[in-house]
Asks: 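My structure is below; once you've seen it, I'll send some questions.
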Amino acid sequence: MEYMQKVKKLNAEKILYYYIFTMGCQLNENDSEKICGMLEEMGYKKTENQNNADLVVFNTCCVRENAEDKLFGKIGEIKKNKENKDVILAIGGCMMQEKHMVEKIHKSYPFVDVIFGTHTLHKLPEDIYKALQNHHKVEDILDIDGEIYEGLPIKRSDNIKASVTIMYGCNNFCSYCIVPYVRGRERSRRKEDILQEVEQLAQEGYKEITLLGQNVNSYSGGENYGFAELLRDVNKIDKIERIRFVSPHPKDFTDNVIEAIAECDKVCKLIHLPLQSGSSKVLKSMNRKYTKEQYLELAEKMRNRIPNVVFSTDIIVGFAGETEADFEDTLDVVRKMHFEQVYMFIYSKRVGTPGDKMENQIPEEIKHERFDRLKELVESQMRENNEKYIGTIQKVLVEGKSKNNPNMLAGRTESNKVVVFDGTESCIHQMIDLRIMSEHMWYLKGARL
Ligand code: SAH
Ligand code: SF4
Ligand code: F3S
């Protein structure tokens, strides 16, 4: 806080702009909202044009390889801007928790001013102050797990839907995944802090809350207070109309959590249930702690307990040792589950994870070929799934004008499908009933009753 004021003083009477580029998951998006909050407190104004910016922040992700090339490209663009004017370049996020990446930046991009990690977000104002004051490089990375800092200012990117991080880090060490190494061990926020944040959001007019964490259903808010209890408490908060959460881990879906989802009317009955692979053998080498059968049984149990529940998932194609038969198991689960949405990824080796050293890595062309086959199946199922909506009446939370057609409005169903319809501005930010008229793969068309 002190340093936010100090930077504000340094910058007084200047009109300064910041540009932020965020990669990765919703947790990173939520961190960026806090970064924006801090920067605005320091007197910077937001710009969408990186060439206008006096301060550039990159919030990085390293979960898959392609992010690296993207970052280096962006750094190169800012280097050119730095030649013409004083620009502070700050790079933070998950990639900066990887030693080899920080070394690479030191060596190849010595003009980067601030490097900050995922555990030192709250110190960004201090880092920027030092960079402005001394014109020297600041590096602020903690290897150990950071503490939880409450009360950072936040500038939210949406005014009807908000994300609330409930826990940080991950203890699962899936063998393909870098997240536990860059985000540290699991730490849960105090339930009082979470509930207070949601109350505040409700007062500000937010209607949809997404509870965030790498493993939300292992949330622990004290003795006898877990994720189920948190869901029940958030469900009681007035004016909040929808509650979502990502990502849960199948192994932590206790009966208590399933019961809470069923009982809480505001909790959306779209459950993200990350599969990763449908082969029990691959799941074992991924360290996922469930088999194909256990996954399907869990989904069945939820279907029996939660009326009209639907699922979305994450799948990795081409993990080390995945045979054609293993891949067929994945397709088999997809056929059986009828997911509303499937986020598909080609396996990408991450330095420092067990997967990186496994033998029997799958050649790129086979990975791609399998990916295409999975995509084809998913898309054909999506059509089928969408057709089920036609003629039904859906509750839609209207977000605003449709991105592709400004004459129409767009909103989302409980199952997170986009619905485009003809409506007046007074519908915006309201929950309204629409009849679904037709399906168009990526969205549905609706009409007012
Ligand atoms: N904690 C969450 C998601 C973390 S990362 C969960 O467990 O569901 C988001 C997704 O990226 C993962 O679910 C996985 O499908 C994918 N992913 C993670 N590491 C990957 C890698 N090395 N290569 C390809 N995809 C990966
Ligand atoms: Fe990665 Fe697994 Fe943790 Fe998700 S649960 S963040 S996939 S290690
Ligand atoms: Fe990426 Fe970090 Fe999220 S590695 S997926 S931004 S936790």
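Note that these values count all heavy atoms, side chains included, but never hydrogens, waters or copies made by symmetry. Read the numbers this way: they start at 1 and go in the same order the structure lists the ligands and their atoms.
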Asks: Which atoms of ligand 3 have any heavy atom of N28 under 4.0 Å away?
Replies: 6 (S)

Asks: Any idea which atoms of ligand 1 are less than 4.0 Å away from a heavy-atom of Q214?
Replies: 1 (N), 2 (C), 3 (C), 4 (C)

Asks: Regarding Y225 and D233, is there a side-chain donor-to-acceptor distance under 3.5 Å anywhere?
Replies: yes

Asks: Does the structure place the NZ or CZ of K74 under 6.0 Å from the centre of the six-membered ring of F21, at an angle of no more than 45° from the ring's axis?
Replies: yes

Asks: Hey, is atom 1 (Fe) of ligand 3 within less than 2.8 Å of some N/O/S atom on C61?
Replies: yes

Asks: What atoms in ligand 1 come closer than 4.0 Å to a heavy atom of D314?
Replies: 9 (C), 10 (C), 12 (C), 13 (O), 15 (O)

Asks: Hey, is V63 touching ligand 1 through its side chain, its backbone, both or neither, going by heavy atoms under 4.0 Å?
Replies: both

Asks: Heavy atoms only, cut-off 4.0 Å: how does Y176 contact ligand 1, side chain, backbone, both, or neither?
Replies: both

Asks: With a cut-off of 4.0 Å, which atoms of ligand 3 are near a heavy atom of C25?
Replies: 3 (Fe), 5 (S), 6 (S), 7 (S)

Asks: Near R64, which atoms of ligand 1 are under 4.0 Å from a heavy atom of that residue?
Replies: 11 (O), 16 (C), 17 (N), 23 (N), 24 (C), 25 (N), 26 (C)

Asks: Taking everything shown except Y343 itself, do over 12 heavy atoms lie less than 6.0 Å from its OH?
Replies: no

Asks: At a non-hydrogen distance cut-off of under 4.0 Å, which region of K349 contacts ligand 1 (side chain, backbone, both, or neither)?
Replies: neither

Asks: Which pairs of donor and acceptor atoms, one on a side chain in residues 318-332, lie under 3.5 Å apart (sequence neighbours left out)?
Replies:
unit_1 : atom_1 : unit_2 : atom_2 : d
E322   : OE1    : G318   : N      : 3.0
E322   : OE1    : R370   : NH1    : 2.9
E322   : OE2    : G318   : N      : 3.4
T323   : OG1    : A325   : N      : 3.4
T323   : OG1    : D326   : N      : 3.1
T323   : OG1    : D326   : OD2    : 2.9
E324   : OE1    : R373   : NH1    : 3.4
E324   : OE2    : R373   : NH1    : 3.4
E324   : OE2    : R373   : NH2    : 2.7
D326   : OD1    : S279   : OG     : 2.9
D326   : OD2    : K281   : NZ     : 2.6
D326   : OD2    : T323   : N      : 2.9
E328   : OE2    : R373   : NH2    : 3.2
D329   : OD1    : K292   : NZ     : 2.9
T330   : OG1    : G278   : N      : 2.9
D332   : OD1    : K336   : NZ     : 3.4
D332   : OD2    : K292   : NZ     : 2.7
D332   : OD2    : K336   : NZ     : 2.8

Asks: Backbone, side chain, both or neither: what part of E65 comes under 4.0 angstrom of ligand 1, heavy atoms only?
Replies: neither

Asks: Out of P180, S247, G355, who is nearest to atom 6 (C) of ligand 1 when you count heavy atoms only?
Replies: S247

Asks: Just to confirm my output: which protein heavy-atom neighbour is closest to atom 14 (C) of ligand 1, and how far is it?
Replies: Q276 OE1, 3.4 Å

Asks: Going by atom types only, do K80 and N51 share a side-chain donor-acceptor pair under 3.5 Å?
Replies: no

Asks: Could you tell me, atom by atom, which parts of ligand 2 come under 4.0 Å of a heavy atom of Y176?
Replies: 7 (S)

Asks: If you count every heavy atom of other residues, nucleotides or ligands that lies below 6.0 Å from E147 atom CD, does the total exceed 12?
Replies: no

Asks: Hey, which atoms in ligand 1 end up nearer than 4.0 Å to a heavy atom of I316?
Replies: 14 (C), 15 (O), 17 (N), 25 (N), 26 (C)

Asks: With atoms numbered from 1 as shown, which atoms in ligand 1 lie under 4.0 angstrom from a non-hydrogen atom of I346?
Replies: 23 (N), 24 (C)

Asks: Verify whether the ring centers belonging to F339 and F311 lie closer than 6.0 Å.
Replies: no

Asks: Strictly by modelled atom types, are S157 and E29 linked by a side-chain donor-acceptor pair under 3.5 Å?
Replies: no

Asks: Picking from H429, R412, E208, what satisfies side chain to side chain contact (heavy atoms under 4.5 Å, CB included) with E399?
Replies: R412

Asks: Going by heavy atoms, is M95 under 4.0 Å from ligand 3?
Replies: no

Asks: Taking distance alone, with no angle check, do N215 and ligand 1 share an N/O pair under 3.5 Å?
Replies: no

Asks: Please determine whether side-chain hydrogen bond (donor to acceptor under 3.5 Å, both in side chains) holds for the pair Y44 and N11, giving the CA-CA distance in whole Å, both sets of side-chain angles, and the decisive distance to 0.1 Å.
Replies: CA-CA 9 Å; Y44 290 94; N11 287 342; 3.1 Å; yes

Asks: Quick one: does R183 get a heavy atom under 4.0 Å from ligand 2?
Replies: no

Asks: Whether the E192 and Q196 side chains hold a donor-acceptor pair (N or O, under 3.5 Å, no angle test) is what I'd like checked.
Replies: no

Asks: Report the relative orientation of the aromatic rings in Y109 and F111; use parallel for angles under 30°, tilted for 30 to 60°, perpendicular for over 60°.
Replies: perpendicular

Asks: What protein heavy atom sits nearest atom 7 (S) of ligand 3, and how far away is it?
Replies: Q214 NE2, 3.1 Å

Asks: N256 and E229: side-chain donor and acceptor closer than 3.5 Å?
Replies: yes

Asks: With heavy atoms only and a cut-off of under 4.0 Å, state how R350 meets ligand 1: side chain, backbone, both or neither.
Replies: side chain

Asks: Is the distance between the ring centroids of F245 and F227 under 6.0 Å?
Replies: yes

Asks: May I ask you to identify the nearest protein heavy atom to atom 23 (N) of ligand 1, giving residue, atom name and distance to one decimal place in Å?
Replies: S348 N, 3.0 Å

Asks: Which of the numbered atoms in ligand 3 are under 4.0 angstrom from any heavy atom belonging to C94?
Replies: 2 (Fe), 4 (S), 6 (S), 7 (S)

Asks: Going by atom types only, do K301 and N304 share a side-chain donor-acceptor pair under 3.5 Å?
Replies: no

Asks: Of the side chain and backbone of P274, name the one, both, or neither that has a heavy atom under 4.0 Å from an atom of ligand 1.
Replies: side chain

Asks: For atom 7 (O) of ligand 1, which protein heavy atom lies nearest, and how many Å away is it?
Replies: R288 NH1, 3.8 Å

Asks: Between K251 and N172, is any side-chain donor less than 3.5 angstrom from a side-chain acceptor?
Replies: yes

Asks: I'd like to check whether Y347 has a polar contact with ligand 1, where a contact means an N/O of the residue lying under 3.5 Å from an N/O of the ligand.
Replies: no

Asks: Angle between ring planes, Y295 versus Y290, binned at 30° and 60°: parallel, tilted or perpendicular?
Replies: tilted

Asks: Whether the Y389 and S415 side chains hold a donor-acceptor pair (N or O, under 3.5 Å, no angle test) is what I'd like checked.
Replies: yes

Asks: For atom 3 (Fe) of ligand 2, check which protein N, O or S atoms are under 2.8 Å away and list them.
Replies: C170 SG

